Trainee: 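My structure is below; once you've seen it, I'll send some questions.
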Amino acid sequence: MTATTLTGSLLVATPLLDEPPFRRSVILLLDHDDDGALGVVLNRSADLTVDRVLPDWSDTVNEPGVLFIGGPVGTDSALAVAEVIESADPPGWRECFGRIGLVDLDVPPELLAGAIQRMRIFAGYAGWASGQLEGEITEGAWYVVESEPDDVFGLDPDTLWRRVLRRQNDQLAYLATYPDDPTHN
């Protein structure tokens, strides 16, 4: 039985995790329980605008207005992660933690008008079976840190890995300067 849930936390890839698709990734955990975990990679944007694949939602997503690569699982499906305004509970929205949750993209966007503060759409997700994520954390593949709403919706996802590490109050902050290629150090 999972003693504590990591839902709402960030998984930050350690330098040891050097293989695609998770090299220097930052994953927001949307669900974590005894059955496993599900999250989306926050710092992998695609060269595809939302208006090309889901035009009805293009006015709802925040900048940069592109689709994000949420992970290697279910890449033919989309997950919409949104932050709703205080005390909103719009139709088609399921809370994950706080004011962050998932939006059902089959619901007409106009039913959520005024309730969504910020939103991103992800193609695919990252998933772990029961106990798998805990094993990877124990092996040193991930750092688990607290998330902030701007991590999910920030304008510069390419620098997220360094920014999240830099704000930590321990030795993790030093890893923000870890070179892209340590052999060129």
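This structure is a prediction, so every number in the text was calculated from the model and none was measured. For reference, positions follow the sequence shown, starting with 1.
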Trainee: Is it the case that over 12 heavy atoms from other parts of the model lie below 6.0 angstrom from the CD atom of Gln132?
Mentor: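 Enclosed.
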Trainee: Using only atom types and a distance under 3.5 Å, with no angle test, would you say the side chain of Trp161 pairs donor to acceptor with the backbone of Ala13?
Mentor: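 Pair found, side chain donor or acceptor close to backbone of Ala13.
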Trainee: Could you measure the distance from the CG atom of Leu54 to the CG atom of Leu105? Nearest 0.5 Å is fine.
Mentor: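 Result: 6.0 Å between the selected atoms.
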Trainee: Can you tell me how far the OG atom of Ser45 sits from the CG atom of Asp156, to the nearest 0.5 Å?
Mentor: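 Going from OG on Ser45 over to CG on Asp156, the span is 9.5 Å.
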Trainee: Could you tell me which non-hydrogen atom of Gly127 sits nearest to which non-hydrogen atom of Val73, and how far apart they are?
Mentor: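 Result for this residue pair: N-CG2, 4.2 Å.
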Trainee: Stepwise, does the side chain to side chain contact (heavy atoms under 4.5 Å, CB included) test hold for Leu6 with Trp142?
Mentor: CA-CA 12 Å; Leu6 299 177; Trp142 304 102; over 6 Å; no
Trainee: Check Met119 against Trp57 and note the closest heavy-atom contact, atom names and distance.
Mentor: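 That would be CE-CE3, 3.4 Å.
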Trainee: Give a yes or no answer on whether the side chain of Ser147 reaches the backbone of Leu10 with a donor-acceptor pair at less than 3.5 Å.
Mentor: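 A pair under 3.5 Å: no.
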Trainee: Decide side chain to side chain contact (heavy atoms under 4.5 Å, CB included) for Phe22 and Leu11; before the verdict, give the C-alpha distance in whole Å, the side-chain angles of both, and the deciding distance to 0.1 Å.
Mentor: CA-CA 10 Å; Phe22 296 120; Leu11 298 177; over 6 Å; no
Trainee: Assess the residue pair Asp31 and Cys96 against the criterion (side chain to side chain contact (heavy atoms under 4.5 Å, CB included)); give the C-alpha distance rounded to whole Å, side-chain angles, the decisive distance to 0.1 Å, and a yes or no.
Mentor: CA-CA 7 Å; Asp31 191 23; Cys96 293; over 6 Å; no
Trainee: Could you please spell out the steps behind the side chain to side chain contact (heavy atoms under 4.5 Å, CB included) verdict for Val81 and Ile100?
Mentor: CA-CA 7 Å; Val81 177; Ile100 305 290; 3.8 Å; yes
Trainee: How long is the gap from CG on Leu38 to CG on Leu102, to the nearest 0.5 Å?
Mentor: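 If I round to the nearest 0.5 Å, the distance is 7.5 Å.
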Trainee: Any carboxylate oxygen within less than 4.0 angstrom of a Lys/Arg side-chain nitrogen, looking at Asp151 and Arg167?
Mentor: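 Between Arg167 and Asp151 there is a salt bridge, with a charged N closer than 4.0 Å to a carboxylate O.
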Trainee: Which heavy-atom pair separates Leu29 from Ala37 by the least distance, and what is that distance?
Mentor: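 What the structure gives for the nearest pair is CD2-CB, 4.1 Å.
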Trainee: Determine whether a donor-acceptor pair (N or O, by modelled atom type, separation under 3.5 Å) exists between the side chain of Thr75 and the backbone of Pro72.
Mentor: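 Looks like no, no N/O pair under 3.5 Å.
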Trainee: Taking Leu79 as the starting point, is it possible to reach Phe97 by hopping between hydrophobic residues whose side chains are less than 4.5 Å apart?
Mentor: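 In one cluster with Phe97: Leu79, yes.
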Trainee: Quick one: does any side-chain atom of Arg99 pair with a main-chain N or O of Gln117 as donor and acceptor, under 3.5 Å?
Mentor: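 No, Arg99 side chain to Gln117 backbone: no donor-acceptor pair under 3.5 Å.
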Trainee: Compare every heavy atom of Trp93 with every heavy atom of Gly98, then report the nearest pair and how far apart it is.
Mentor: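 Minimum heavy-atom contact is O-CH2, 4.2 Å.
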Trainee: Counting N and O atoms only, with roles assigned by atom type, does the side chain of Ser130 sit under 3.5 Å from a partner on the main chain of Asp34, one being a donor and the other an acceptor?
Mentor: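 Checked: pair present.
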Trainee: Closer than 3.5 angstrom, by distance alone: can the side chain of Arg120 be matched with the main-chain N or O of Glu63 as a donor-acceptor pair?
Mentor: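 Answer holds: yes.
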Trainee: Measure across Val26 and Asn43 and return the closest heavy-atom pair with its distance rounded to 0.1 Å.
Mentor: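 Between these two residues, the closest heavy atoms are N-OD1, 3.0 Å.
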Trainee: Are Asp47 and Arg52 close enough for a salt bridge, meaning some N to O gap below 4.0 Å?
Mentor: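 Answer for the salt bridge query: no.
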Trainee: Report whether Tyr125 and Leu30 are members of the same hydrophobic cluster (ILVMFWY, side-chain heavy atoms less than 4.5 Å apart, transitive linking).
Mentor: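 In one cluster: yes.
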Trainee: Tell me which one of Asp104, Thr60, Val107 satisfies side chain to side chain contact (heavy atoms under 4.5 Å, CB included) with Leu112.
Mentor: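 It is Val107; the other options fail the test.
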Trainee: Would you please classify the geometry between the Phe122 ring and the Phe68 ring as parallel, tilted or perpendicular, with 30° and 60° separating the classes?
Mentor: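 The rings of Phe68 and Phe122 sit tilted, inter-plane angle from 30° to 60°.
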Trainee: Which heavy atom of Gly140 sits nearest a heavy atom of Thr14, and at what distance?
Mentor: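 Distance-wise, the nearest heavy atoms are O-OG1, 2.7 Å.
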